[in-house]
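Read through the structure below, which is laid out as structure tokens, and then see the notes.
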Amino acid sequence: MNKLCIVYDRKNQYAAQIVYAACIRSFTKMQVCLFFYEDVDMIPKLAILIEPNLEYIKKFINNMSGKYVILGKPNEYIADLFALKLTEYKYDYLIMKGAESDKTNLFVKYVSDKKLTNKWYFLKRYFSRYDYADEWNNNGYGAITVLPSYDFSVSCKTDKCEEYSLASVFNDSNDFQSEYLCLKDLSKKSILWMNRKVGPVDSLEWTIIEEFFANYRLENLQCIPYVKEIPAGYQTAVTMRLDCDQAVTSAKRLFELYCDKKMPISLALVTNNNFSSSDWNLINAVTANGGSLLSHSQNHFPDWGGCYTGAYMESLGSRLWLEKNVGKKKNGWFAVSPFHKNPRFAVDALIDSKYSGFVGGIIHNDPQYMLGRSGQVPFISKNFVELSQQCMLHGDCYNRYNKSIKPYIDCFESYYMANGIFGYLDHPSSETYQYGWNSEAERISVHSKLLDYIGQYDNVWKCNIEDALLFIKDRNELQIYVDNNKVRHNSNSKITGKSFEVVFKNKKIII
């Protein structure tokens, strides 16, 4: 069986585990393996090499025959291969205040007409983009930083190399800063280099990796299949949720709008809130109309309480309350992280308190849990999944956009193009906080406009978040592999009853 091998030095184990989990999310665990450079005595035909040392490359380069992704700072041989000259690591990284959003002065600009990049919707990928304070990015991707020793940073600075370039770094004056993504095709191999140690794991740019290994040069180089993030028969999925930090009943009109538009919603409940009879009426109406409930912790503490013990008590107490007041779940409860924060101890606490997964991931914090593709959580061996969602349909953003929904449309279309799960959220209003909405009528009108826009598209799975997460959990159990050039599969789970769609050599296979 051909496998995709992630090969790395021990010093890069953190990055390797993050990349390994990302590969599992696309190619399934059966097709992915991890090796230290010192333990590899032959070069695989499909590999991701994290900052390979010069000795390793010299030893195997002439025998390399296949497809290779090289992540991070290139050694001398790789730099020469791409005709790259490394320059002083000096980036003038600034956050610029803007009318629509705050962005860095640095961005990655992609060549749009190439096979590998045409599923990445945004021609510019800002190093960071903030739609409210320094908290979230409504375009959905994580942050590229400029700390040379940090795994989520741009790894080096180079001169220009147009011949092999697929993406370059520019500043706000459109001045070239560095190459970011380069591709070189040779007779027996294709080598893709990305100027970041963890690659594009926190963005839909991950489609570049999927396309490279599944479809690129299918006539003469090895390929492996990947599984789409959404069920077979759909182009994308859409979920909407309300994080009920305070009030619940105030969302009644919004819920009625979604009922009229035949779109389910989900409620993330802070279980220590004192729910009134009218709150319960709305909670029950949501589930009766195809919606779902999730835990939003007991008390909505930052960092789930600040330590493992606190996080365990928060998550366990919330789950027990939900089981008592709503009911047990055959496939487990899911959580939405308070303040969208997921320190490692909190993820461990969620697992120990018997959750099946969680919704998290924003550009501000915990980059290891900002997942471009949903599914397997890094550093975890069991089937525990995450769906990253940071697109917030709030009045403060809408009014900052000069009363436009275009950034939300852009985000939806990016997921539509990449066959991903587009999720957005709002919060019920309270007497003390309205999330920037000037009135409930304004909120209803804006949500209605976005729903009407999405309604123009075919093959959209409009689902609640629990159903989306159950499909992700189901998909995470799937194991695919190639035997005699045919896609085979093993699966120990069939929770949702929905089929999977596998892509292999530009063909779609339904499982």
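Keep in mind that the numbers below use all heavy atoms, side chains included, and drop hydrogens, waters and symmetry copies. In this chain, residues are counted from 1 in sequence order.
Residues Thr117 and Val111 come closest through the heavy atom pair OG1-O, 2.6 Å. Of all heavy-atom pairs spanning Cys23 and Leu4, the tightest one is SG-CD2, 3.8 Å. The shortest heavy-atom contact between Asn464 and Pro264 is N-CG, 3.7 Å. Considering every non-hydrogen atom in both Trp304 and Pro338, the closest pair reads CE2-CD, 3.4 Å. Nearest heavy atoms, Arg125 versus Arg196: NH2-NH1, 3.9 Å. Closest of all the heavy-atom pairs between Tyr37 and Glu51 is OH-C, 3.8 Å.
A donor-acceptor contact shorter than 3.5 Å is absent between the side chain of Ser318 and the backbone of His296. In terms of modelled atom types and a separation under 3.5 Å, the side chain of Asn195 and the main chain of Glu179 share a donor-acceptor contact. When atom types are taken as modelled, the side chain of Asn215 and the backbone of Asn506 share a donor-acceptor pair closer than 3.5 angstrom. When atom types are taken as modelled, the side chain of Glu477 and the backbone of Asn383 share no donor-acceptor pair closer than 3.5 angstrom. Of the possible polar contacts, one joining the Tyr68 side chain to the Ser65 backbone as a donor-acceptor pair under 3.5 Å is found. Of the possible donor and acceptor atoms, one in the side chain of Thr207 sits under 3.5 Å from a partner among the backbone N and O of Leu204. Checking side-chain atoms of Asp202 against main-chain N and O of Ile144 turns up no donor-acceptor pair under 3.5 Å.
Residue pairs meeting the ring-ring contact (aromatic ring centres under 6.0 Å, His included) criterion with at least one partner in residues 347-367, sequence neighbours excluded, are Phe358-Phe384. Counting only residues at least two apart or in different chains, salt bridge (charged side-chain N to carboxylate O under 4.0 Å, His left out) contacts with residues 408-418 comprise Lys406-Asp410.
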Can you check ring pair (Phe, Tyr, Trp, His ring centres under 6.0 Å) on Phe36 and Tyr8, steps first, answer last?
-> CA-CA 5 Å; Phe36 294 120; Tyr8 64 103; 4.9 Å; yes
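For Trp193, the side chain to side chain donor-acceptor pair (under 3.5 Å) criterion is met by no residue, not counting sequence neighbours. In this structure, Glu76 has no side chain to side chain donor-acceptor pair (under 3.5 Å) partners at least two apart in sequence or on a different chain. When the ring pair (Phe, Tyr, Trp, His ring centres under 6.0 Å) test is applied to Tyr216, the partners found at least two apart in sequence or on another chain are Phe212. Residues passing the ring pair (Phe, Tyr, Trp, His ring centres under 6.0 Å) test with Trp206: none are found, sequence neighbours excluded. Residues satisfying the side-chain contact (heavy atoms from CB on, under 4.5 Å) criterion with Pro367, sequence neighbours excluded, are Tyr150, Phe152. Here His394 pairs with Trp136, Met392, Asp396, Asp426, His427, Tyr435 under the side-chain contact (heavy atoms from CB on, under 4.5 Å) rule; sequence neighbours left out. Remark: Asn485 engages Lys505 in a side chain to side chain donor-acceptor pair (under 3.5 Å) (not counting sequence neighbours). Scored by the side chain to side chain donor-acceptor pair (under 3.5 Å) test, Tyr110 finds Glu205 as partners (sequence neighbours excluded). With sequence neighbours excluded, the residues forming a ring pair (Phe, Tyr, Trp, His ring centres under 6.0 Å) with Tyr91 are Tyr89, listed by chain and number. In this structure Phe35 satisfies the ring pair (Phe, Tyr, Trp, His ring centres under 6.0 Å) test with no other residue, sequence neighbours excluded.
No more than 12 heavy atoms of other residues, nucleotides or ligands sit less than 6.0 Å from atom NZ of Lys73. Counted within 6.0 Å of CD on Glu55, heavy atoms from surrounding residues, nucleotides or ligands total 12 or fewer; the atom is thus considered open. Heavy-atom neighbours of Lys45 NZ from other residues, nucleotides or ligands within 6.0 Å: at or below the threshold of 12.
In this structure, CZ in Phe345 is found 10.5 Å from CG in Leu350, a value given to the nearest 0.5 Å. The CE atom of Met240 lies 14.0 Å from the NZ atom of Lys462; values are rounded to the nearest 0.5 Å. Rounding to the nearest 0.5 angstrom, the gap separating the CG atom in Asn419 from the NZ atom in Lys228 is 4.0 Å. We find the CD-CD1 distance between Glu229 and Ile421 to be 4.0 Å, quoted to the nearest 0.5 Å. To the nearest 0.5 Å, atom OG1 of residue Thr239 and atom CD1 of residue Ile265 are 11.5 Å apart. The CG atom of Leu393 lies 11.0 Å from the SG atom of Cys411; values are rounded to the nearest 0.5 Å.
Remark: the Tyr20 side chain and the Gln376 side chain contain no N/O donor-acceptor pair separated by less than 3.5 Å.
Taking the ring centroids of Tyr141 and Tyr126, they lie at or beyond the 6.0 Å cut-off. With ring centers used as reference points, Phe412 lies under 6.0 Å from Tyr457.
With a 6.0 Å cutoff to the six-membered ring centre and a 45° limit on the axis angle, Lys109 counts as a cation-pi contact of Phe170.
A salt bridge between Asp9 and Lys197 is absent, with no side-chain N of the basic residue lying under 4.0 Å from a carboxylate O of the acidic one. A salt bridge links Lys329 with Glu466: the closest approach of a Lys/Arg side-chain nitrogen to an acidic carboxylate oxygen falls below 4.0 angstrom. Look at Arg373 and Glu210 and you find a salt bridge, because one of the NZ, NE, NH1 or NH2 atoms lies within 4.0 Å of a carboxylate O, short of that distance.
Taking the six-membered ring for Trp and thresholds of 30 and 60 degrees, Tyr258 and Tyr424 have ring planes inclined between 30 and 60 degrees apart.
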